[in-house]
2 protein chains.
Amino acid sequence: MAARKAVEKELTREMIMDAARDLFAEKDYQQVSMRQIATKLNYSHGAIYYHFKNKAELFYALVKDHFLMLNQRIEEIVDGEASNEEKLRKLYLGYIEFGLTHQNHYEIMFMIKNDEVRNFMSESPMLTYQNFARQVSKLSEKEMSIQEIWSIFISLHGFVSHYLGHVTTFDDVKRAAEFHANMLLRWTSA
Amino acid sequence: MAARKAVEKELTREMIMDAARDLFAEKDYQQVSMRQIATKLNYSHGAIYYHFKNKAELFYALVKDHFLMLNQRIEEIVDGEASNEEKLRKLYLGYIEFGLTHQNHYEIMFMIKNDEVRNFMSESPMLTYQNFARQVSKLSEKEMSIQEIWSIFISLHGFVSHYLGHVTTFDDVKRAAEFHANMLLRWTSA
DNA sequence: TCCTTTAATTAACCAGTGTTCAATTGTAGT
DNA sequence: ACTACAATTGAACACTGGTTAATTAAAGGA
């Protein structure tokens, strides 16, 4: 009975992911439904299943992208022009900014409890942390133990996870973030 | 058609709250249903509505209790016998222990995004933090700014929120928690 | 004893979920 | 023009959820 959309704009994985990304800006994994995504795209919910096996696979595709983004952001900062201390500060702020700019994805990347989703990610969070830790180790004035760096990471995560949901953009807490970053810098300076 | 339970053990608000508490040890607000609570109690789901107006009210009653517990724990530590530094360490560890011992409640107390629940809590989290901050201010060697204390709190929250869901008991990460607490003590020592 | 109050059950309603699948369509290749 | 195929639809399935309301049963007082 049903008509097909003009083929000029066939539904693609990208389009679906974009729509899902948008909905994620407001709600979390459980609250975003396949039907909502389809509605946003003006397609039927069944169509999504032609491009993605199921909900979990769709969201895994998103998460993978975001881990890539975060890793790139870290490298971008480290490869830039600045003193080591300045780079460290940027690293800390960059992490917070990323978390608060992609709040619902940060949640999936580092906070989700749902096993269905977590199984898909496996080692991505750990790899990102290891990358982060290696850079902190290189940039800090004094020799840092693994545990010390872990405390830094935990503290950054604390900042993001606290403001997550209570605040809409990074700029809302930029000054607080800068202060927190400075506090963490005390641990790496001789 | 239906029978009533023997009146020796009438259903009470306490019983319902206990059952809900238990289910919370495994799942979060959205995943715990009124029907599950009722099943656990061997009562029908309708019975709960005789004692609580709705789901949100039931969980608010739980949350209120837990804010009380946390505040008591803080006072307990501060009023105890120990050096100021030792009390601070205990304060930090106590906070983490509380968070990881009552994981799903911690989530509701400090991490929930759901407006339905958040409206019920209003200022409880802030009052708890203010209490915490006052004590840290008293116990630290040097004069601490509001922002510095806030960083400590954020960092503690980070520890809890990271391990939340990845770990079952406080003991699983006791040593890591102790290390983290020591890191935070560096900020308060002269 | 009857009557009222209280407490519990159950069915029902409504709204939503992820997923599957037969049916249908548009389009490109022959 | 015909066909093969990829893409899309929408109904249907099998759930789960919170909440309400009519109904029933027990307990206690008059």
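Below, chains carry the letters A, B, ... as their sequence lines are ordered, and counting in each starts from 1.
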Mind calculating the distance between [atom1] ([X]) and [atom2] ([N]) to the nearest angstrom?
X	N	atom1	atom2	value
B:N42	C:dA8	CG	P	13 Å
A:L11	D:dA6	CG	P	17 Å
B:I48	D:dA21	CD1	C1'	17 Å
B:Y49	C:dT6	OH	C1'	20 Å
A:L41	D:dA7	CG	C1'	14 Å
B:F52	D:dT19	CZ	C1'	16 Å

Item checked: 5'-most by nearest nucleotide on DNA chain D - B:N54 or A:G46 -> A:G46

Let me check something: any side-chain donor-acceptor pairs from residues 172-179 of chain A under 3.5 Å, sequence neighbours excluded? List them with distances.
residue : atom : partner : partner atom : Å
A:D172  : OD1  : A:T169  : OG1          : 3.3
A:D172  : OD2  : A:T168  : N            : 3.3
A:D172  : OD2  : A:T168  : OG1          : 3.1
A:D172  : OD2  : A:T169  : N            : 3.2

Margin query: I'd like to know whether A:Y92 forms a side chain to side chain contact (heavy atoms under 4.5 Å, CB included) with A:I96, so could you lay out the CA-CA distance, the side-chain angles of the two residues, the decisive distance to 0.1 Å, and finally the verdict.
Written below: CA-CA 6 Å; A:Y92 298 164; A:I96 292 175; 5.6 Å; no

Check: Among B:W187, B:F159, B:F132, whose ring-ring contact (aromatic ring centres under 6.0 Å, His included) with B:F153 holds?
Finding: B:F132

Item checked: Minimum-distance nucleotide to B:A47 side chain [options: D:dT8, C:dA8, C:dA7] -> C:dA8

Check: If you check every side-chain atom of B:S44, which of D:dT8, C:dG18, C:dT9 has the closest atom?
Finding: C:dT9

Check: Is the closest basic N to carboxylate O distance between A:R186 and B:E148 below 4.0 Å?
Finding: yes

Checklist line | Donor-acceptor under 3.5 Å (A:H162 side chain, A:H157 main chain) | finding: no

Notebook entry, point to check: Is a side-chain donor or acceptor of A:K27 paired with a backbone partner of A:V32 at a separation under 3.5 angstrom?
Noted result: no

Item checked: B:Y50 side-chain N/O to C:dA7 phosphate OP1/OP2 under 4.0 Å -> yes

If you restrict it to nitrogen or oxygen atoms, what contacts under 3.5 Å exist between nucleotides 14-17 of chain D and the protein, and what is each distance?
residue : atom : partner : partner atom : Å
D:dG17  : OP1  : B:S33   : OG           : 3.4
D:dG17  : OP1  : B:Q36   : NE2          : 3.0

Note to self: Which residues pass the salt bridge (charged side-chain N to carboxylate O under 4.0 Å, His left out) test with A:E75, not counting sequence neighbours?
What the structure shows: none

Next item on the list: Starting from the 5' end of DNA chain C, give me the residue, B:H45 or B:T12, whose nearest nucleotide shows up first.
Entry: B:T12

Margin query: Counting the atoms with a prime plus P, OP1 and OP2 as sugar-phosphate, which does B:H51 contact under 4.0 Å by heavy atoms, base, sugar-phosphate, or nothing?
Written below: sugar-phosphate

